[in-house]
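The structure appears right after this line, and notes come after that.
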There are 2 protein chains.
Amino acid sequence: MHLRLKKNETAVRMKLTPEVQEAAEGEKRGRKASKETRRQQLIEATIDSLAKRGYSETTLADVADGASLSRGIVNFHFESKEKLLIATLQYMADEYAANWGAALEKAGDKAAAQLWALVACDFDRKICTKRKLAAWCAFWGEAKSRPTYQALCGARDVKYQEIFLALCHTLKDEGGYAYEPEGMTLALCASMEGLWLRLMMGDGLTREKAHAAAVEYLLVAFPRHFTREGPK
Amino acid sequence: MHLRLKKNETAVRMKLTPEVQEAAEGEKRGRKASKETRRQQLIEATIDSLAKRGYSETTLADVADGASLSRGIVNFHFESKEKLLIATLQYMADEYAANWGAALEKAGDKAAAQLWALVACDFDRKICTKRKLAAWCAFWGEAKSRPTYQALCGARDVKYQEIFLALCHTLKDEGGYAYEPEGMTLALCASMEGLWLRLMMGDGLTREKAHAAAVEYLLVAFPRHFTREGPK
DNA sequence: CCATTTTGAATGAGCGTTCAGCAAATATGT
DNA sequence: ACATATTTGCTGAACGCTCATTCAAAATGG
């Protein structure tokens with residue numbers, strides 16, 4: 001027989017990850033959680049599942065368990081598994097964009113400081129978590145055969161890369177460098193994505209070391225603008 | 001009713017990709033294909049399926065169809081789906097290693113020429129195909145949650161990166177550069193993997209442009225050793 | 001003929017989706 | 001205030017489909 005729970009005991013049924021718990025505590029608990037709160041809770045549980053089991057083994061049952069909710073819940077709040085996954089990717093893309101947008105604001109108006117800030121915030125502890133990198137990577141793996149994912153992953157850096165390109169142009173003028181800006185931008189952005197990939201793979205690579213490698217790149221590309229400690 | 005075919009008509013049943021066809025023609029055709037030939041044919045069909053449908057939608061039925069063989073065939077030549085996929089990854093890893101190994105041989109004993117050759121062969125038309133990049137990426141996406149894949153993907157660059165690191169050290173001594181070799185190597189390798197990722201995503205990026213971006217990196221990192229046309 | 005390779009129907013497990021029903025929250029009537 | 005009706009959020013059993021795996025039978029080569 002199913003053991004019926006008194007109210008506000010949902011969080012005790014199974015250990016939730018901190019992220020899911022936090023999402024669930026957005027407003028009131030249990031039954032009164034608003035629609036939006038519940039959606040976010042399920043999205044966080046989806047990220048957990050993607051990170052733990054990979055894309056192909058992520059099941060709705062696992063997501064529901066991760067959120068300590070019942071089997072049918074996802075089809076109630078999202079329409080289908082497909083839509084849950086798209087919402088999850090959208091959520092991560094938004095968070096990513098908001099993060100570098102804010103970093104750019106705070107960086108002031110010097111091009112060198114802006115570039116430094118953009119590179120740094122890719123390795124920020126809020127964004128650059130094992131679980132989130134793993135989730136990104138899971139989507140990348142499926143992106144090629146799914147236009148929707150591809151669009152969302154790609155949209156991630158349409159604006160992003162434009163800004164990078166503009167900064168590379170500015171710094172080239174300021175410093176009299178010889179590189180070709182398009183290629184430089186591409187190689188730099190690719191390097192950071194590659195570092196994410198390696199971070200995700202494990203290998204004992206840490207966020208700090210990855211960031212240091214990216215900085216090393218900045219140093220050789222823009223020697224007149226940066227030292228290892230930051231923009232001159 | 002199933003229309004039974006006369007012998008040697010297998011290739012007509014369904015259009016095979018050039019790669020699968022070539023694998024099937026390794027020795028004699030049809031029934032007489034040796035065990036090893038048939039395995040290779042199935043592996044090529046697996047790569048096709050991974051590229052076309054992604055990891056999570058790759059089915060044994062699709063692989064069998066792609067090879068124009070019957071449903072049960074994979075479980076006869078490989079023991080299970082899992083083992084087919086591992087064999088496929090192994091196959092690609094071996095091919096990749098053989099490719100850069102050969103390139104290194106031909107490059108002579110100058111460090112600059114060797115580094116140039118290593119970077120170039122990552123963008124070789126034999127290795128850097130849409131379908132193979134897509135297959136690599138499919139495995140990357142699942143690697144984090146599957147130790148076996150992770151080991152095979154990682155083994156790809158244990159030796160590879162050691163060589164890179166040694167070359168970076170040598171060039172630093174020769175050219176009197178100021179960079180820190182570990183970080184430099186990491187950023188360079190990551191950049192090439194990131195470029196692969198972007199090639200796979202589409203975006204109108206071509207092999208040539210990606211290679212040019214990698215070269216741009218070499219130029220800023222080792223200005224005394226390279227021009228855009230090659231090592232000095 | 002015997003051994004090997006291949007076939008394709010059958011099997012069964014796993015999973016997404018559906019939906020009738022329950023319980024909490026809220027609205028309505030008295 | 002209280003009782004009753006309605007809405008909303010959630011549950012979990014049931015359904016049907018897809019797919020890996022199995023295997024008996026057929027085809028082929030030697």
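Within every chain, numbering begins at 1; the chains are lettered A, B, ... in the order of the sequence lines, protein sequences first and strands thereafter. All values below were derived from every heavy atom in this structure, side-chain atoms included, with hydrogens, water molecules and symmetry-related copies excluded.
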- How long is the line joining CD1 of B:Ile73 and C1' of D:dC23, in whole Å? 14 Å
- Note on the structure: note: A:Asn75, atom CG; D:dC15, atom C1'; distance rounded to Å ~ 14 Å
- B:Lys81 vs D:dC19: side-chain N/O to OP1/OP2 distance below 4.0 Å: no
- Nearest-Å distance for atom pair OH/C1', residues B:Tyr55 and D:dA20: 13 Å
- Item | Atom pair distance, as rounded to whole Å: CZ in B:Phe76 and C1' in D:dC23 | 13 Å
- Query: Can you check the A:Phe78 CZ to C:dT17 P distance for me, whole Å?
  - Reply: 13 Å
- Within the distance-only criterion (no hydrogens, no angle test), does the side chain of B:Trp140 pair as donor or acceptor with the backbone N or O of B:Cys153 below 3.5 angstrom? no
- Query: Considering residues at least two apart in sequence or located in another chain, which fulfil the salt bridge (Lys or Arg N to Asp or Glu O under 4.0 Å) criterion with B:Arg207?
  - Reply: none
- Rounded distance in Å - NZ (A:Lys35) to P (C:dT26): 14 Å
- Roughly, in whole Å, what's the span from CZ in B:Arg71 to P in D:dA25? 22 Å
- Residue pair A:Gly72/B:Gly72 against DNA chain C: nearer the 5' end by closest nucleotide is B:Gly72
- Could you label the plane-to-plane angle of the B:Phe123 and B:His211 rings as parallel, tilted or perpendicular, counting under 30° as parallel and over 60° as perpendicular? parallel
- Message: Going by the rule side chain to side chain contact (heavy atoms under 4.5 Å, CB included), which residues pair with A:Thr58 if we only count those two or more places apart in sequence or in a different chain?
- Response: A:Ser49, A:Leu50, A:Val63
- Message: Rounding to an integer number of Å, can you tell me how far A:Leu60 CG sits from D:dT11 C1'?
- Response: 15 Å
- Message: Of the options D:dG12, C:dT5, D:dA20, whose atoms approach the side-chain atoms of B:Thr59 most closely?
- Response: D:dA20
